[in-house]
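Take a look at the structure below.
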Amino acid sequence: MKKHSILFTINIIFLISLILISASFALHYNFNKQREKHFNHKRDMEISKFFMHQYRNGGVSDELLEYMQSLGFSVVLNLDEIKSILNTKNIKSIEVKSNKLFKIRHLQLKERSYVFIQTPSDKIILTNNSRSSDGGNTILIAYISIFLIFIFLYLSIINKLKPLKILKESVKEFGNENFDLNCLTSNKDEISQLANEFHMAAKKLKKLKESRNVFIRNIMHELKTPIAKGKFLTQLPQTEENVESMQKVFYRLESLINEFASIEELISTKKELEKKWYFLEDIIDNAVDILMCGEDEVIKEFDNIKIYVDFNIFSIALKNLLDNGIKYSKDKKVVVKMDANRLVFENVGQKLSYELKNYFEPFFKGDNSKPAQSFGLGLYIVKHILDAHSLNLKYEHEKGLNRFIIELPF
């Protein structure tokens, strides 16, 4: 642990505070014990004086014994018992008063105190049966309680600082452009809130970086076809038909640029969709125009219903489904049909090699995909667009037919 760290400073502060608190309680406890000992000694002497006064006047009477009992003292007259007490190991003896007629000694054995009185004719021990004050125990209980609270506060502060340590490591990874960080915490303090905000910022930057990669890869892939067509048309005679075809190529390039901008904005930010009611056939036709495929490659078998979507964005999703349907079908055709409230894209082809969710990952390509055919972005883009519309994509394969299904709410 570095001496300049916050954790080191907190440990030192808590350690010094704990030492000072312990020392103050120890001094207070010791002072209380000494005061209690002095009080008990003084009380024992007062009681012994009273006892000697009564003893001179009438000896050890039953009334005296009963009264001493009420004061919390018992009177030991048995010599064997007296001898046993006097010979007890570790008993401390202090001579208090002595003359020719009597001798008084104060005896202390742990927490028990006695007064030994010796007269010319008798030996007597007064035993203090009253319990010691629980002031020392109260102080000890108070110290233990404060100690436990102190430790709880220390552990609580250390726990509060944990996200700071995780955040420090996350910042290092962040500097290396590693946005796969996890510094989320359920705590509500300021440090935890900072860690959570940093976590969310890292996720947003990861998504932004991912969208940039998708954007660049998609541009590279999608521009190939119109550029190839444009090159081919430049080698042909400048007839009216060829000029019109060239204009379509530029229209396609312009549409692609707009499409790329929409995809990048949708994936990297929370774009607000401009949803309205549109005829399905208009959306399909727009998707076909963007794809620049032959009209005979898309077979329409649906009623021209209206659906509530963002026209341009949803057209991009359908364009990608049409593109996949044509590219991976054996007859280079895709059928678009309605089955109840389900919009179905159907083609003749092999079953997907993996589960559908795998194709939602960017740049994921199945076993039947050729490198020149795809960058593995089509279904990734479709997934994001459908998510923005709160729609789901499902997949079925039966009797040699692939079926990609969008369930539409009606």
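Along the sequence shown, residues carry numbers from 1.
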Next item on the list: Report the C-alpha distance between Tyr328 and Gln350 in whole Å, list the side-chain angles of each, state the deciding distance to 0.1 Å, and finish with yes or no for side chain to side chain contact (heavy atoms under 4.5 Å, CB included).
Entry: CA-CA 8 Å; Tyr328 299 111; Gln350 297 178 359; over 6 Å; no
Note to self: Do Lys337 and Phe302 form a cation-pi contact, if we require the NZ or CZ to be under 6.0 Å from the six-membered ring centre and within 45 degrees of the ring's axis?
What the structure shows: no
Check: Between Ile405, Asn402, Leu379, which is the residue that forms a side-chain contact (heavy atoms from CB on, under 4.5 Å) with Tyr395?
Finding: Asn402
Notebook entry, point to check: Just by modelled atom types, is the Phe152 backbone N or O under 3.5 Å from a matching donor or acceptor in the Ser156 side chain?
Noted result: no
Notebook entry, point to check: Under the side chain to side chain contact (heavy atoms under 4.5 Å, CB included) criterion, do Leu65 and Met68 qualify, and how do the steps go?
Noted result: CA-CA 5 Å; Leu65 292 175; Met68 291 296 291; 5.8 Å; no
Margin query: Whether the side chain of Asn304 engages the backbone of Glu281 through a donor-acceptor N/O pair (distance < 3.5 Å, no angle test) should be reported.
Written below: yes
Check: How many angstroms lie between CG in Leu356 and NZ in Lys394, if you round to the nearest 0.5 Å?
Finding: 11.0 Å
Notebook entry, point to check: Side chains of His397 and Leu352: does their closest heavy-atom pair fall under 4.5 Å?
Noted result: no
Notebook entry, point to check: Out of Asp44, Thr127, Asn129, which residue meets the side-chain contact (heavy atoms from CB on, under 4.5 Å) rule with Phe73?
Noted result: Asp44
Notebook entry, point to check: More than 12 non-hydrogen atoms from neighbouring residues, nucleotides or ligands closer than 6.0 Å to NZ on Lys300, yes or no?
Noted result: yes
Note to self: Tell me whether the count of non-hydrogen atoms from other residues, nucleotides or ligands lying under 6.0 Å of CG in Asp303 goes above 12.
What the structure shows: no
Check: Is Tyr55 close to Thr119 at the side-chain level, that is, under 4.5 Å between some pair of heavy atoms?
Finding: yes
Next item on the list: Under the side chain to side chain contact (heavy atoms under 4.5 Å, CB included) rule, what do Met45 and Val115 come out as? Steps first, then yes or no, please.
Entry: CA-CA 8 Å; Met45 294 303 100; Val115 177; 3.9 Å; yes
Check: Is any side-chain heavy atom of Ile406 less than 4.5 Å from a side-chain heavy atom of Phe345?
Finding: yes
Next item on the list: Give, for atom CG of Leu393 and atom CG of Leu343, the distance between the pair rounded to the nearest 0.5 Å.
Entry: 10.0 Å
Checklist line | Lys/Arg-Asp/Glu bridge criterion (N-O < 4.0 Å) met for Lys319, Asp323 | finding: no
Note to self: Return the CG to CG distance between Leu318 and Asn286, rounded to the nearest 0.5 Å.
What the structure shows: 9.5 Å
Notebook entry, point to check: Would the number of heavy atoms belonging to other residues, nucleotides or ligands and lying under 6.0 Å from NZ of Lys275 be above 12?
Noted result: yes
